[in-house]
Asker: 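Quick one: the structure is below, and I'll ask about it shortly.
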Amino acid sequence: MEIKRRDFLKLLGGISGAVAFSAYGCNQIIDIPERLIEMAKKGAGIESWKNTICGQCPGGCGISVRLIDGIPVYIKGNPIYPVNQGGMCPSGHSALEVLYNPDRIKEPMKRIGLPGSGKWESISWDEALQIISDYMIKQRENNKSHQVVFIDGSEQNSLMKEHISHFMKAYGSPNYYQYPSVKNSSVPFQLLQGIEQIPSYDFFNTKYILSFGSNFLEEGYSPIYYSKMYAHLREETEARRARFIQIDSRMSLTAANADRWMPIRPGTYGALALGVAYVLIREELYDKQFVNKYTFGFEDWTDKNGQTHLGFKSNVLGNYYPEQVSEITGVQSETILEIARELGINKPSLVLGDQGSADNTNSTFSQMAVYSLNALLGNFNNESGLSFTDQPPLAELPEVKVDKLATIGNKQPPIGLSQNSAFPFTNFSVDSFIENVLADDPYPVSALFLYKGNPLFNALNHHDFAEALKKIPLVVSFDSFLTETSEYADIILPDHTFLEKWDEISNIPSVGFTHVGIQQPVIEPLFNTRNSAEVLVDLGNLIGESVSNALPFENYEQEIKFRVEKIYRSGKGAIISEGLKGSWLEFLHQRGWQEGEYNSFNEFWELLTRNGGWWNPIKQKKYIKNLFKTPSGKFEFYSQLLKKKIDQIVLSRGEDTPQNRELLINSLNISARGDKIFLPHHEEVPVDEGIPLYLTTYKLLTNRNGQSSNQPMMQEMFGYTNRKYWSSWGEIHPKTAAQNGISDGDWMWIESSVGNIKVQAKVHPCVMRDVVAVPFGLGHTSYGRFAKGYGINPYSIVKNKYDVINGNSAPQATRVKISRAT
Amino acid sequence: MHAKTTYIAQVLSISLIWIFVIAIAIWIINLLLISIELKDVPGASIGISIIVIPVFFVLAGILTYVFIGLHKEEKKIIKSSQE
Amino acid sequence: MPKWAMVIDLDKCTGCGDCMAACKLENNIAIVSPEEANVGRVMFWMDMITTYEGEYPNIKVKRIPKPCFHCDNPPCTRVCPVYATYKNDEGLVGQIYHRCIGCRYCMVACPYTAKVFNWYEPKWPDEFKSCLNPDVSLRMVGVVEKCSFCAHRLIKVKENADMEEREIYDGEYSPACGESCPTNAIYFGDIDNKESQVYKLSQSSRSYREMENLGTEPKVIYLSKRE
Amino acid sequence: MPKNKQLDFGQDAALYRPIYETGKGFYITVCVLLAVYLWALYLYITQVYYGLGVTGMNQPITWGFYIVNFVFFIGISHAGTLISAILRLSKAEWRRPITRMAEVITAIVLAIGGLHPILDLGRPDRMLNLLSDGRLQSPLLWDVTSITAYFTASTIYLYLPMIPDIAKLRDRGTKLKWFYNFLSWGWQGTAHQVKVLNRAINILMVMVIPIAISVHTVISYIFSMTLQPGWHSTIFGPYFVVGAIFSGIAALLIVMIVFRKVYHLEEYLKEIHFQYLSTLLLIMSLLWFYFTFSEFLTGIFGSQTHELHIIAYKFTGVYAPFFWGMVICNFVIPVIILSFKKFKTITGIMIVSISVVIGMWLERLNIVVPSLANPRMDLPLGIYIPSLVEWALFIGGIAVFMLGFTMFAKFFPLISIWEIEEGRKESIKDVEKRLRSYLPGKET
């Protein structure tokens with residue numbers, strides 16, 4: 001047998017570097033680690049790479065894991081995966097610390113102490129599943145299947161969502177919720193455009209980008225995708241350099257990279273956007289053709305009843321002249337004029353408003369205002385930046401055959417909805433849910449399943465949430481770690497970490513092409529953990545009846561294969577591969593060619609898993625008309641959808657009288673009246689009188705949603721920009737600091753009407769005056785040795801406020817005062 | 001007898017100085033050779049060695065000079081007193 | 001002999017910190033205890049500097065990734081008393097951990113503050129020990145360490161090229177930071193090779209090096225549009 | 001062999017008495033100092049065990065107390081040999097009671113100071129790498145060689161002039177006879193022996209001066225050979241030498257005053273000695289100020305960003321109290337007190353000396369720390385708070401010095417007896433002869 005030199009080298013792999021070190025001049029640079037010598041003696045050290053999808057954030061980057069003897073030692077970006085093209089973010093690199101975390105839950109556990117007491121005992125999988133299934137069977141038999149709630153905290157757009165929803169449907173509960181949910185965040189787009197999806201922004205063909213707090217490099221759905229895009233703005237050639245303006249109350253990572261940062265008061269993005277619109281309209285810089293042809297409600301209009309309605313133009317011209325806007329926002333009127341003119345002249349442009357610090361009580365309206373600028377500027381044609389991606393041609397899971405018990409359960413009203421019609425455009429708000437659980441309204445919750453996420457840590461009203469969790473008789477957590485939330489669980493069914501399990505992740509929100517990534521195990525499970533998807537199937541089998549047939553697959557991998565097979569058969573798109581550019585695919589497509597011919601599905605599958613994913617950069621040709629799925633078929637400045645919904649609610653509660661209407665509007669906390677409600681407008685954020693400063697919270701790339709807190713590398717890097725490691729800080733402007741007698745590095749108290757926290761002050765001019773900015777992510781009271789007790793959680797002093805329309809929490813709506821801590 | 005032991009001890013101590021000085025010289029020459037071998041600014045090393053090595057030898061030399069000078073006299077005195 | 005150099009495009013760099021994390025993971029850099037980290041003993045071979053320019057509200061913040069500059073005329077190697085830091089033929093400034101006596105003279109002499117010191121014995125939880133990179137040796141207490149331009153990767157690349165009987169092609173050898181940069185802001189290659197991207201970029205009108213007046217000839221070149 | 005064992009101490013009784021009479025005070029002092037030393041040793045062992053983390057050093061302030069104290073102690077060591085050599089060389093007759101003390105200070109403090117870089121090492125166990133892989137090109141190695149040379153030279157320079165005194169002690173024969181016998185090298189005081197000794201001393205004192213100057217110059221080179229602002233300065237060599245002599249004289253004065261009091265040496269150490277030495281101190285103070293002034297003026301005038309930054313930091317930053325403290329201690333207090341005859345008493349001189357020693361220590365601190373605390377490239381300021389271990393080793397170093405000095409005084413006379421005798425016998429004649437030779441006209 002002949003061994004080729006190349007193969008021999010591959011065999012040496014990881015250790016070859018050390019073995020042959022002396023042949024080269026570099027021998028002095030590295031010393032040979034003892035372990036390596038040991039391994040070399042054993043003849044081991046075979047290097048291999050495995051591609052999978054990162055699960056550290058919803059960004060869905062493709063990663064390549066380096067394995068030495070099957071042990072992962074390094075992670076890099078998968079260079080051919082189109083979302084991140086080899087790029088990575090810091091938290092992706094610390095994924096190995098998730099896999100090998102000493103605080104992982106190693107086997108199923110049952111709580112033996114009081115909720116939150118931290119006393120656990122290990123049980124076997126069979127035992128755990130038996131307990132749960134017995135309970136669930138009982139519930140079903142007593143027609144209480146709807147009382148079982150499933151909250152899915154994984155932000156990844158994975159097959160798991162379908163999977164769980166199938167399971168719940170078969171079991172007979174309407175209560176499957178995602179928290180946080182993309183659905184809630186897409187409400188503004190839905191209202192104006194009728195599409196319930198996050199738009200993707202394409203910077204390639206843009207000359208001017210105006211971002212209203214959109215922190216896409218840090219808090220976006222896919223920060224690395226946007227980093228790649230951002231890099232294109234900064235290519236060598238001058239022509240590519242689009243101008244990029246960031247409006248935010250603090251200098252976020254995105255703002256730091258903008259050509260200009262404009263500080264603004266929190267919660268006033270809507271007013272500023274309309275101020276810009278005022279200038280655009282006044283100076284006739286808007287795209288008249290587009291506005292006339294494709295929009296509704298720009299001019300004043302008359303409905304079929306002959307009633308005249310206020311148009312966007314009159315509203316803006318009447319209420320948002322720059323001086324007034326300047327008063328509200330703290331941005332100088334000259335600056336408003338300046339950016340509006342720049343925006344009007346530089347076309348095509350893009351106006352961004354989501355994925356950032358807009359989360360406030362008025363965020364839906366303000367994002368509507370921001371988004372409507374895109375319509376004013378006519379940014380909705382195929383060449384320019386705004387687009388919505390197509391769904392990948394994945395096979396739907398087989399339809400569930402629902403039995404009688406389940407049908408009854410499914411018909412029950414969902415418990416995530418507010419009982420007093422708040423948040424009309426969402427099926428779940430954590431606030432309503434907690435309220436309903438505590439009030440047993442409309443029915444008590446008898447079991448709660450939690451898949452990933454840490455809602456207790458993310459929620460604004462910890463205390464009530466904890467009470468609610470205590471009240472629920474059975475709380476089951478599918479998590480790899482003992483989070484604050486799973487501390488309240490009765491049973492923990494530990495999941496694999498994402499490096500040990502199969503999943504299918506498709507179409508990351510805001511990414512500009514259709515794609516499917518395959519998450520696959522790079523290592524055998526380290527502990528006695530199981531993939532939650534398969535656990536659900538087992539649970540279904542134990543419960544029996546319709547539930548056992550809901551997911552007829554051998555295992556989760558087969559389920560993914562089943563879904564992916566349709567892609568193979570559709571012949572669309574291509575498996576990602578080296579050097580495959582979107583433009584090339586497009587070129588082939590136009591000439592009727594197909595990239596990649598596969599002899600069999602198995603071949604396709606193997607290549608798919610080896611390379612990490614499939615994508616289709618070719619958009620179905622869309623006419624502008626198809627972009628708008630509103631009642632009028634146009635972009636609606638005047639949201640008929642919102643009007644319809646509100647009319648509906650009014651009617652459902654009784655007669656449509658002005659009093660009833662007023663009552664509803666009031667209960668929704670909307671301050672505008674008349675037609676203005678349905679137009680983009682500025683809603684005042686309710687304030688506590690006499691409390692001078694705004695509290696702003698934000699998320700960092702190193703620790704989004706606080707889930708990286710159990711990784712020491714991310715804890716250390718948490719404040720790398722400010723050189724604050726493992727700790728929180730509060731950013732304040734030097735003048736604000738001087739007024740309160742605080743200097744850089746001092747400890748200060750931040751006090752709101754809810755409580756107070758102590759942080760170290762970071763005094764620098766990168767934050768709006770009268771604003772205190774505290775990063776979110778630290779301050780865990782549980783979650784393992786690396787997380788517990790480091791930093792503070794700013795949400796503990798944030799008031800329990802929500803966006804009135806979409807039900808998202810509003811962590812920017814709190815006022816605070818600060819004082820020097822002694 | 002007693003004087004002889006003392007004398008031997010004194011000679012030993014003076015030779016210790018020489019061992020010390022020679023050791024330093026060897027050390028410096030060693031470093032010099034390394035720097036020549038690695039072509040790492042040997043000029044500087046040579047310069048330093050040229051100054052340092054003689055200094056140590058002179059110091060040891062002075063000590064020895066005094067030692068010999070004093071002892072010669074002592075012996076003379078002892079001889080003359082015996083006579 | 002090639003001369004390895006790095007170009008960092010500050011216009012592209014967002015300051016996301018990925019290079020820092022990639023570096024920590026690749027080079028088995030110890031994570032010090034939180035108290036230690038906050039008194040200035042944190043270890044990053046690739047550090048991130050924040051600079052502010054202008055007056056509020058027209059303020060510009062720039063983040064500058066700072067590895068070891070692998071100076072062509074390194075001030076650190078001149079002062080080392082034991083040859084524990086030296087420059088090799090390919091221009092890489094190396095650090096020999098097993099020889100270092102921990103006098104920290106090189107740290108003091110480095111105008112760029114690029115080196116870090118092991119104030120205590122670096123410790124990892126046992127679990128994390130299994131995912132340490134076997135190519136890079138662990139450091140011990142009391143020695144100085146710094147960015148090596150991932151020299152262990154060079155050895156492999158050379159070996160591969162040698163086996164295949166070819167030259168190393170441009171971009172084949174890249175340190176961990178450059179490999180994973182989400183904006184491709186870090187370029188790496190042989191600056192003596194006129195065909196290499198690094199050489200071309202280094203000739204750009206945007207290029208500059210830190211503290212050129214010191215004559216250290218850093219081999220990390222920054223690109224920044226001067227305004 | 002001497003036959004008459006003198007039990008009374010004779011003429012120079014005050015000089016012999018401390019060697020033969022041991023009081024309670026001696027034991028207490030030794031015990032206390034020993035305890036301090038053991039405490040410091042213990043803390044050093046913890047440092048070796050846990051690593052340099054136990055100190056307050058960090059990045060970017062990677063050098064702290066150890067290097068400060070290293071420079072400080074080596075500076076003090078210039079008291080001796082250099083002063084005594086210069087005084088001997090210039091035939092200043094008033095030197096006779098001073099030289100011995102000065103030389104002892106040098107030998108002891110040099111040994112302590114020379115060990116400080118080892119305290120500073122992260123891996124003291126790898127010290128021997130200096131032998132096998134040392135780089136003579138490193139200023140640190142220059143230090144190693146020059147300090148070794150200086151230590152050897154100054155020990156010899158302490159020892160040789162002591163031989164006649166040792167012989168005197170040997171001849172008394174009451175205590176440790178073998179020891180003194182061993183050390184006296186058969187000194188009988190013959191004319192030839194005196195000639196040999198004087199010749200050796202003369203060669204040595206000429207040699208010791210450049211060695212001493214080189215030592216402190218080389219120490220300054222540790223700093224000035226780097227490119228750090230505030231360090232990279234050509235003036236550093238002479239500046240350090242002046243500072244060293246300055247602090248050396250102050251330390252010598254302190255020691256003189258203390259032992260004059262304790263050992264009742266008023267007859268030997270007279271007002272005039274203090275007057276002369278303090279005048280020297282005043283001159284050094286002015287010289288020191290001149291150097292400091294030029295150092296900062298060139299920095300400010302040149303206005304290099306980093307240089308200015310560090311000067312501003314020294315003037316107004318966190319270390320400003322230390323900087324201004326240094327100026328007060330090194331310049332204001334000495335000049336005020338020593339310029340007026342009224343204040344120039346022993347007490348006044350004591351105050352000045354203590355203030356100068358503190359001031360010179362602060363100067364070393366001001367050189368080492370602020371430059372490191374201000375890294376370039378917009379890195380944040382460093383903060384350095386020395387830990388207990390560093391304080392302990394500093395105090396321990398002082399304790400060892402005191403202990404060493406006390407022990408020395410127990411075995412050897414602190415004032416050169418034979419030189420005093422020689423002075424009595426021959427100096428007046430000599431001086432008169434010399435004076436005549438200065439005067440115009442023919443020698444008679």
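Keep in mind it's a predicted model, so treat the numbers as computed, not measured. Letters go in sequence order (proteins before strands), and every chain restarts at 1.
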Asker: Does C:Arg99 offer a backbone N or O that forms a donor-acceptor pair with the side chain of D:Asn129 under 3.5 Å?
Answerer: yes
Asker: Give me the atom names and distance for the closest heavy-atom approach of C:Val116 to D:Gln59.
Answerer: CG1-NE2, 3.3 Å
Asker: For D:Arg126 and C:Val143: C-alpha separation, side-chain torsions, deciding distance, then whether side chain to side chain contact (heavy atoms under 4.5 Å, CB included) applies.
Answerer: CA-CA 11 Å; D:Arg126 294 188 187 159; C:Val143 301; 3.4 Å; yes
Asker: Just wondering, do D:Trp63 and C:Met107 contact through their side chains at under 4.5 Å, heavy atoms?
Answerer: no
Asker: Shorter than 4.5 Å, heavy atoms on both sides: which option in C:Thr77, C:Asp47, C:Ile64 has the most such pairs with chain D?
Answerer: C:Thr77
Asker: Strictly distance-based, threshold 3.5 Å: is any side-chain N or O of D:Arg376 a donor or acceptor partner for the main-chain N or O of C:Thr113?
Answerer: no
Asker: For D:Leu227 and C:Met211, run side chain to side chain contact (heavy atoms under 4.5 Å, CB included): C-alpha distance rounded to whole Å, both residues' side-chain angles, the deciding distance at 0.1 Å, then the answer.
Answerer: CA-CA 11 Å; D:Leu227 296 171; C:Met211 287 182 255; over 6 Å; no
Asker: Report yes if the side chains of C:Lys62 and D:Asp378 come closer than 4.5 Å at any heavy-atom pair, otherwise no.
Answerer: no
Asker: Take atom CZ in D:Phe315; do more than 12 heavy atoms of anything else shown fall under 6.0 Å from it?
Answerer: yes
Asker: Chain D: which of C:Glu121, C:Met43, C:Met140 shares the most heavy-atom pairs with it under 4.5 Å?
Answerer: C:Met140
Asker: Give the member of C:Ile49, C:Val108, C:Val79, C:Val39 that has the highest number of heavy-atom pairs under 4.5 Å with chain D.
Answerer: C:Val108
Asker: Quick one, D:Thr62 and C:Trp119 - any side-chain contact, counting heavy atoms below 4.5 Å?
Answerer: yes
Asker: Counting heavy-atom pairs closer than 4.5 Å to chain D, which one of C:Pro75, C:Cys100, C:Ala84 comes out on top?
Answerer: C:Cys100
Asker: Looking at D:Gln137 and C:Pro81, would you say the former's side chain and the latter's main chain have a donor-acceptor pair under 3.5 Å?
Answerer: no
Asker: Is the side chain of C:Tyr105 donor-acceptor paired with the backbone N or O of D:Ile222 at a distance under 3.5 Å, no angle test?
Answerer: yes
Asker: Looking only at atom types and distance, does a side-chain atom of D:Arg135 sit under 3.5 Å from a main-chain N or O of C:Arg78, one as donor and one as acceptor?
Answerer: yes
Asker: Specify which of C:Tyr52, C:Phe117, C:Tyr120 makes the most heavy-atom pairs with chain D at under 4.5 Å.
Answerer: C:Tyr120
Asker: Checking D:Leu372 against chain C: side chain, backbone, both or neither under 4.5 Å from a heavy atom?
Answerer: side chain
Asker: Heavy-atom pairs under 4.5 Å with chain D: which of C:Thr216, C:Val144, C:Val82, C:Val141 has the most?
Answerer: C:Val82
Asker: Got a sec: does the CD1 of D:Ile385 have more than 12 other heavy atoms crowding it under 6.0 Å?
Answerer: no
